[in-house]
Amino acid sequence: MKRLTQTHSFRTLSSKESTVSQIRKATDELIEKVIELGDSETDETSLFRIMSYTQFSLQTLQKKSRNNTFNSVLFD
C-alpha cells in the first residue's frame with residue numbers, strides 16, 4: 001500500500017527543504033511511477049489501495065504545506 005509513498009519522488013515532495021524545481025521534477029517522476037504501476041499491477045484491489053493511500057498522503061501534504069509552493073506546483 002505504501003509503494004508510491006516510499007519513493008524518492010514522494011520524499012522530495014514531502015521535504016520542506018525542496019525547491020520549486022525539485023518539486024516539479026519529483027511530481028513528474030511520481031506521475032510516471034503512477035502510470036507504470038497502473039499499467040503493470042494486475043490486482044485491481046491492490047492497485048486501488050495503493051492509489052487511495054497515495055492520494056490520502058498527498059492531500060495530507062497539501063494541508064500541512066506552510067507556504068503555497070506545494071499547492072501552486074501541483075494544483076495550478
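Along the sequence shown, residues carry numbers from 1. Treat the numbers as computed from the prediction; the structure is a model and nothing was measured.
- Taken from CD1 in Ile35 to OG in Ser40, the straight-line distance is 12.0 Å, to the nearest 0.5 Å.
- Under the 4.5 angstrom side-chain criterion for Ile, Leu, Val, Met, Phe, Trp and Tyr, Phe48 has no cluster partners at all.
- Annotation for Phe10 and Leu4: closest pair CB-O, 3.5 Å, computed over non-hydrogen atoms.
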request  = Start with the C-alpha gap between Ile50 and Thr54, add the side-chain angles, then the distance that decides, and say whether side chain to side chain contact (heavy atoms under 4.5 Å, CB included) holds.
outcome  = CA-CA 6 Å; Ile50 292 166; Thr54 303; 4.2 Å; yes
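- When the shell of 6.0 Å around CD of Gln59 is examined, it contains more than 12 heavy atoms from other residues, nucleotides or ligands.
- Distance check: Lys25 NZ to Asp28 CG gives 10.0 Å after rounding to the nearest 0.5 Å.
- Two residues are said to be in side-chain contact when any heavy atoms from C-beta on lie closer than 4.5 Å; Thr19 and Ile23 fail this criterion.
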task = Walk me through it: do Arg24 and Val20 pass the test side chain to side chain contact (heavy atoms under 4.5 Å, CB included)?
result = CA-CA 6 Å; Arg24 288 178 193 262; Val20 172; 3.4 Å; yes
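- The nearest pair of heavy atoms linking Gly38 to Met51 is N-CE, 4.5 Å.
- Between atom CG of residue Leu58 and atom NZ of residue Lys63 there is a gap of 12.0 Å, rounded to the nearest 0.5 Å.
- Interatomic distance, NE2 of His8 versus CG of Leu30, reported as 11.5 Å (0.5 Å rounding).
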request  = Let me see the working for Arg3 and Glu41 under salt bridge (Lys or Arg N to Asp or Glu O under 4.0 Å), right down to the final yes or no.
outcome  = CA-CA 12 Å; Arg3 189 181 311 181; Glu41 183 63 52; 3.4 Å; yes
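- The two atoms that bring Tyr53 and Thr5 nearest to each other are CE2-OG1, 3.5 Å, heavy atoms only.
- Taking each heavy atom of Gln22 and Thr12 in turn, the nearest pair found is O-CG2, 3.8 Å.
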